[in-house]
Q: 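Take this structure, written in structure tokens, and hold onto it; I'll ask about it next.
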Amino acid sequence: MLEQVRRHCKEALDAKRLDLVYGVGNRKAGPAPRFFSTAEELDELVLAGKEPLVFTCRPSDRNVVDLVRERSPTAKLGIVARGCDERALFELAKRFQLSLDGIEIIGVACDQAQAEECRCPRPYPKNLAFGTPLDKPVDDPVLEKLQRLPLEERLAFWRYQLSKCVKCYGCRNACPMCFCKECQMEGELFVPRGAQPPEFPTFHFVQLIHLADRCIDCGECERACPMDIPLRLLKKSLRSEVRERFGYEAGVDPTTASPLGSIERGEPSHAE
Amino acid sequence: MSFEPRIVAFLCNWCSYTGADLAGTARMRYPPNVVIIRVMCSGRVSPLLVMSALKQGADAVLICGCHIGDCHYTTGNWQTEKRIPLLRKALEMLGIDPRRVRLEWVSASEGARFVELIEEYVAEIRQLGPNPLTGAQDARTSPPSL
């Protein structure tokens, strides 16, 4: 499959259908996101690595794709995207953080092993070009265990887990959906300055609530956490609550707006 | 001493606060366990404010707004109606009983209903006991695992 993707990208670059390809490249230090502008460079393209391609750059708080688009507005950009990458692109585009104009999404499905490693509920993109999507979603055994715990034990679990927090803001910095210029995890209103570990559970609750209808379930927060706090569990359960209540899943569809940020049919101010 | 719940109630200016006011001017009695905070719209009540109240010692938080369709700002309470169930789910996943947060619609003429609501909710929270988020607890004593 990798050879197919490489060939597709090379042909597109040679035929000037694309000016740049964005994907995961193999480096000495391991796979990392990079841009490819020539056919030779594409020999380094790989389909490994778990980090999403789409991330927010600091300190500009701009998305990496948006920054590239700004520098070369007319360039035709191909993105070798997995399910999580595409969800990030769609959701950011809906929230006016980047434009999908002039971007070709080269969708690649993850295999069973990758999906299980990421505990990914949707390991394939909508614009699927290569690979076959898994027909059975991967379960999250940890989340199921958490849901079975009685309330008091769940509270004790989080009290312990969140007390490990060193307030490094890694979860927020790694999150492709955390693009706010002013972050309430830093504001003094809800998060007292100097408290270490941060106040339970307000600090993490701020991010959880803000990401309720945004979280694309890429697992970056958990991967970034140096203290191994299972941050994804809470976001995952809120994501499925949004799906059950409103039929909305962040990033799955490029046009449907979030129910929390829009007025729906039947609501009083909805114009037919 | 028996447990007396402390409830923070966010009331919207246009309906619910006026409803509570009606209960007051009509000299209706209701339990003094409730602390009222007037907001311009129930849609202004961020989940973070609710969490703040719970952290600062409230045993429960009641949010009251205009009935659906009656919102002074047309769609404010529609947003509340979508937001609060998600908040309750988040609390549940954290291990806090979601009954500690409640959303109700109270109109300006429903003073009597407001009194009933407070009586009922205070009784419910009295059953539920104190909020586990308040009170000092050492997190590191019992590390449960999954």
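Convention: sequence-line order gives letters A, B, ...; per-chain numbering from 1.
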Q: Heavy-atom distances under 4.5 Å only: say whether I209(A) touches chain B with side chain, backbone, both or neither.
A: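 Side chain only.
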Q: Kindly indicate whether a cation-pi arrangement holds for R243(A) with Y248(A), taking the cut-offs as under 6.0 Å to the six-membered ring centre and within 45° of the axis.
A: no
Q: Check each atom of L54(B) against the heavy atoms of chain A and say whether the ones under 4.5 Å are side chain, backbone, both or neither.
A: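 L54(B) has no heavy atom closer than 4.5 Å to chain A.
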Q: So what's closer than 4.5 Å to chain B heavy atoms on H204(A): side chain, backbone, both or neither?
A: neither
Q: Select one option (side chain, backbone, both, neither) describing which atoms of R245(A) are under 4.5 Å from chain B's heavy atoms.
A: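 Side chain only.
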Q: I'd like to know if the side chain of D59(B) reaches the main chain of N131(B), judged simply by a donor and an acceptor atom lying under 3.5 Å from each other, with no hydrogens or angles considered.
A: yes
Q: Checking ring-ring contact (aromatic ring centres under 6.0 Å, His included) between F203(A) and each of F190(A), Y169(A), W158(A), which is the one that passes?
A: Y169(A)
Q: Any chance the side chains of R6(B) and N33(B) put a donor and an acceptor closer than 3.5 Å?
A: no
